[in-house]
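Residue numbers start from 1 in every chain, and the chains themselves are labelled A, B, ... in the order their sequence lines are given, proteins ahead of strands.
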Amino acid sequence: MSALPSTAQAMTYREALRQGIRSVLLTRPDVFLIGEDIGKYGGCFAVTKGLLEEFGEQRIRDAPLSESAFVGAGIGAALAGMRPVVEIMTVNFSLLALDQILNTAATLSHMSGGQFAVPLIIRMATGAGRQVAAQHSHSLEGWYSHIPGLRIVTPATIDDAAGMLRAALEFLDPVIIFEHMNLYNMQGELTADAGRVDIEHAAVRRAGRDISLISYGASLFKCLSAAEQLAARGIEAEVIDLRVLRPLDEQTFLDSVRKTHRALVVDEGWRSVGLSAEIGMRIMESAFYDLDAPVERICGVEVPMPYARHMEEAALPQVPQIVAAAAAMVKHVG
Amino acid sequence: MSTLPTREHGLHLLSEMLRVRCFEDRCAELYSAGKIRGFLHLYNGEEGVAVGVMQSLRPEDAIAGTYREHGHAIARGVPMRTLMAELYGKLEGCCRGRGGSMHIFDRSRRFFGGNAIVGGCLPLSVGLALGEQLTGRNAIVACFFGEGAVAEGEFHESVNLAALWRLPVFFVCENNYYAMGTALSRSEAETNLVAKLSSYRVRAESVDGMDVLAVEDRARELIQYVRGERVPAFLEARTYRFRAHSMYDPQLYRSKTEVKEWEGKGPIIGLTQRLKAAGLMSEEDFIELQRAANAEVDDAVAFAEQGALEPLQELTRFVYAEQTA
């Protein structure tokens with residue numbers, strides 16, 4: 001990211017999200033929020049702190065523990081012309097609303113022959129790393145990305161955290177915004193000339209020539225750290241932030257692979273049958289002859305997330321693993 | 001005993017129910033002939049409920065229902081042609097042939113389906129009502145579902161949320177006593193459905209769903225209440241489906257005697273007898289209404305037969321909205 005003049009604002013990812021939410025609440029009377037503990041509690045991750053006091057109960061609605069009902073309520077309100085932003089506390093609880101998300105929100109447009117659009121935005125916290133164990137540590141964004149009709153975005157940077165919600169409002173499709181819970185405290189800067197973020201393209205976060213590290217969310221920063229370590233060993237990694245998992249911007253990573261001839265996908269979700277398989281397949285379909293080595297991936301180990309710290313660390317992609325895998329791939333002669 | 005209507009209104013109610021009955025009977029034939037495919041859930045016997053409730057709904061009100069929704073669609077005014085074309089999977093169908101029997105949608109009539117997931121339309125109805133509240137509009141939402149949906153968590157979540165947030169949802173439970181093949185008494189610890197609503201502080205009543213006049217009367221009052229107070233209400237309509245759950249159902253779970261008994265007290269027979277007994281209608285009137293209904297169905301079938309198929313290259317159209325905000 002470029003060096004910033006004094007007009008850049010220092011803030012956390014959490015603050016960037018709040019700023020983004022607040023700015024749409026201020027400018028769009030049709031936007032309102034539903035979620036558990038978003039009002040009086042201030043938000044489980046404090047993202048919506050202060051919003052109830054500022055915008056009132058009609059627009060910041062604390063919901064009972066009824067994920068299916070309040071997501072459906074969001075769908076209905078969207079059909080009625082509003083622009084609800086529903087928070088499901090974490091992706092782990094979203095399973096209770098999966099029928100509404102898949103069978104109604106994602107499906108209504110196609111199934112009705114285009115009569116209805118469902119301009120619903122859902123925000124969910126996701127990811128692991130805090131020893132919150134099996135039922136609170138899922139990364140299901142790859143799973144959700146399997147579903148036609150949804151747009152799936154994964155803001156990793158401060159600019160994206162602040163800007164993706166507004167970008168999502170430009171579409172009339174259901175959008176799910178995944179916020180990795182380990183990013184909430186991350187410090188960074190909102191670029192003053194951030195401009196409009198889009199939710200259709202991936203971004204090259206670090207240019208390189210030797211290998212493409214393809215990732216998103218919290219794993220992006222692991223890749224960036226790995227890239228620095230690799231640079232010290234003379235390996236220049238290109239780091240791609242996918243940003244949108246559905247529809248995937250394959251052009252960006254294909255262009256990268258055509259340049260670097262090596263691809264390593266880093267995805268916190270479980271290894272088999274997930275997003276990394278999709279990316280690997282796309283590379284094979286469209287850039288096979290540009291590869292000098294097989295596509296590799298570092299993913300979550302296929303276990304329910306254990307509580308014990310050392311076990312959890314072993315179950316997730318880590319920087320040393322990424323460095324080792326990338327270095328070995330670059331050494332590999334095809 | 002429900003009050004007698006005027007001749008005109010009585011004939012109107014009967015005509016509506018006959019239109020639904022003739023349509024459904026024709027669907028059964030067409031299904032056997034392979035013209036309609038997939039799942040088909042027919043409304044025979046329950047016509048009194050959709051028709052009775054529909055009398056008090058306005059064009060601006062929203063309606064959401066289940067996979068057994070042909071009757072509701074017809075009573076709402078969705079043209080039979082559009083409906084039949086949809087069942088035929090034709091482009092001229094309300095959903096371009098993409099929905100079929102279980103997914104009838106009509107935006108211009110605020111008809112929101114058509115939902116194949118039991119209980120699936122309840123959260124949606126809550127949301128539509130929330131939309132009314134937030135936009136300051138005055139319409140209500142009529143949400144139709146069977147007694148089987150009462151077992152789903154979505155029922156409880158939705159009723160609670162509608163009551164808590166004071167939303168104008170009229171919950172209409174069509175209790176036909178069987179959720180597919182499972183009798184209510186085998187799935188609910190408390191079969192008194194109205195009693196459940198008191199735990200949510202929602203006004204609730206039960207009505208004889210076979211008496212279209214009674215349904216109309218109770219629905220009118222409850223709809224007025226929902227419209228005026230902007231809070232939910234619940235009406236259980238005790239009814240019975242004369243046909244199987246769907247075309248695949250061998251009906252092992254109920255006796256033929258039971259079905260025959262209920263057929264003898266159906267809504268069409270019931271109203272016909274009352275109108276005739278009161279001298280408001282003759283046999284000729286009935287025959288004419290039936291003829292007209294069948295003619296309308298014939299026309300719809302002819303329309304559907306002529307219909308086109310959606311071009312294959314349009315398969316991925318409307319996955320996303322074609323307009324942007």
Side-chain angles (χ1 to χ4, degrees), chain A residues 28-30 32 34 57-59 61-84 86 96-97 99-100 102-120 147-151 168-174 246-247, chain B residues 62 64 86 91 93-100 103-108 112-117 119-135 137 139 141 152-162 164-165 167 310 315-325:
Chain A
R28 296 200 52 152
D30 53 351
F32 69 101
I34 305 176
E57 273 183 347
Q58 288 300 301
R59 298 186 74 196
R61 295 182 163 248
D62 276 328
L65 300 176
S66 304
E67 280 77 1
S68 189
F70 69 73
V71 169
I75 295 169
L79 287 169
M82 302 294 291
R83 297 305 305 265
V86 174
L96 294 158
D99 178 70
Q100 291 294 313
L102 197 166
N103 275 324
T104 302
T107 303
L108 198 54
S109 175
H110 192 271
M111 181 170 64
S112 68
Q115 290 182 76
F116 298 111
V118 181
L120 169 67
I147 302 169
L150 297 178
R151 291 185 183 269
L169 284 167
E170 290 176 21
F171 291 91
L172 292 178
D173 310 304
R246 185 169 192 105
Chain B
E86 185 60 34
L91 182 61
C94 51
C95 301
R96 304 165 67 93
R98 291 164 174 219
H103 304 298
I104 303 299
F105 295 94
D106 184 338
R107 191 195 164 109
S108 66
F112 291 91
N115 198 305
I117 307 296
C121 68
L122 280 93
L124 178 70
S125 299
V126 169
L128 289 167
L130 179 60
E132 292 303 309
Q133 188 190 79
L134 292 174
T135 52
R137 293 191 300 245
V141 182
E152 291 282 353
E154 273 73 9
F155 169 78
H156 301 277
E157 292 188 19
S158 301
V159 170
N160 180 53
L161 203 53
L164 190 66
W165 287 357
L167 300 173
E310 184 174 15
L315 177 59
T316 56
R317 240 185 122 188
F318 305 119
V319 171
Y320 290 137
E322 294 195 336
Q323 339 86 280
T324 46

Once side chain to side chain donor-acceptor pair (under 3.5 Å) is applied, what residue pairs with a partner in residues 62-75 of chain A remain, sequence neighbours excluded?
A:S68-B:E154
Closest non-hydrogen atoms of B:S158 and A:A69, given as atom of the first, atom of the second and distance, are N-CB, 4.0 Å
If only atom types and distance count, is the side chain of B:Y320 paired as donor or acceptor with the main-chain N or O of A:L150 below 3.5 Å?
yes
Chain B contact via A:P119 - side chain, backbone, both or neither, heavy atoms under 4.5 Å:
neither
Select one option (side chain, backbone, both, neither) describing which atoms of A:P247 are under 4.5 Å from chain B's heavy atoms.
both
Let me know if B:L164 has heavy atoms under 4.5 Å from chain A in its side chain, its backbone, both or neither.
side chain
Against chain A, label B:E310 side chain, backbone, both or neither, depending on which of its atoms sit under 4.5 Å from a heavy atom there.
neither
Leading residue by heavy atom contact count with chain A [cutoff under 4.5 Å; candidates B:A64, B:P123, B:G113, B:S125]:
B:P123
Find out whether A:R61 and B:L134 are in side-chain contact, i.e. whether some heavy atom of one side chain is under 4.5 Å from a heavy atom of the other.
yes
Distance-minimising heavy-atom pair for B:D106 and A:F116
C-CZ, 4.3 Å
Using non-hydrogen atoms only, which part of A:T104 is less than 4.5 Å away from chain B: side chain, backbone, both, or neither?
side chain
Just wondering, do B:F112 and A:I75 contact through their side chains at under 4.5 Å, heavy atoms?
no
With a 4.5 Å limit on heavy-atom distance, are the side chains of A:Q115 and B:C95 in contact?
yes
Below 4.5 Å, heavy-atom pairs only: which of A:M82, A:Q58, A:R151 has the largest tally toward chain B?
A:R151
Comparing B:E132, B:E86, B:R137 against chain A, the one with the most heavy-atom pairs below 4.5 Å turns out to be B:R137
More than 12 heavy atoms from other groups under 6.0 Å of CD on A:E57:
no
Structural part of B:L124 lying under 4.5 Å from a heavy atom of chain A
both
Closest non-hydrogen atom pair, B:A325 against A:R83:
CB-NH1, 3.9 Å
Checking A:L169 against chain B: side chain, backbone, both or neither under 4.5 Å from a heavy atom?
backbone
As an exercise: rank A:P148, A:G149, A:A117 by heavy-atom pairs under 4.5 Å with chain B and give me the winner.
A:G149
Which heavy atom of A:A73 sits nearest a heavy atom of B:L161, and at what distance?
CB-CD2, 4.4 Å
Should the heavy atoms of other residues, nucleotides or ligands under 6.0 Å from CZ of B:R107 be counted, would the total exceed 12?
no
Ignoring hydrogens and geometry, is there a side-chain-to-backbone donor-acceptor pair from A:H110 to B:L315 under 3.5 Å?
yes
How far apart are the closest heavy atoms of A:G113 and B:R98, and which atoms are they?
CA-CD, 4.0 Å
If you measure from CG on A:L172 to CD on B:E322, what distance do you get to the nearest 0.5 Å?
11.5 Å
Side chain, backbone, both or neither of B:R317 within contact of chain A (heavy atoms, under 4.5 Å)
backbone
Looking at A:D99 and B:G120, what are the two nearest heavy atoms and their distance?
OD2-CA, 4.4 Å
Can you tell me which portion of A:F32 sits under 4.5 Å from chain B's heavy atoms? Options are side chain, backbone, both or neither.
side chain
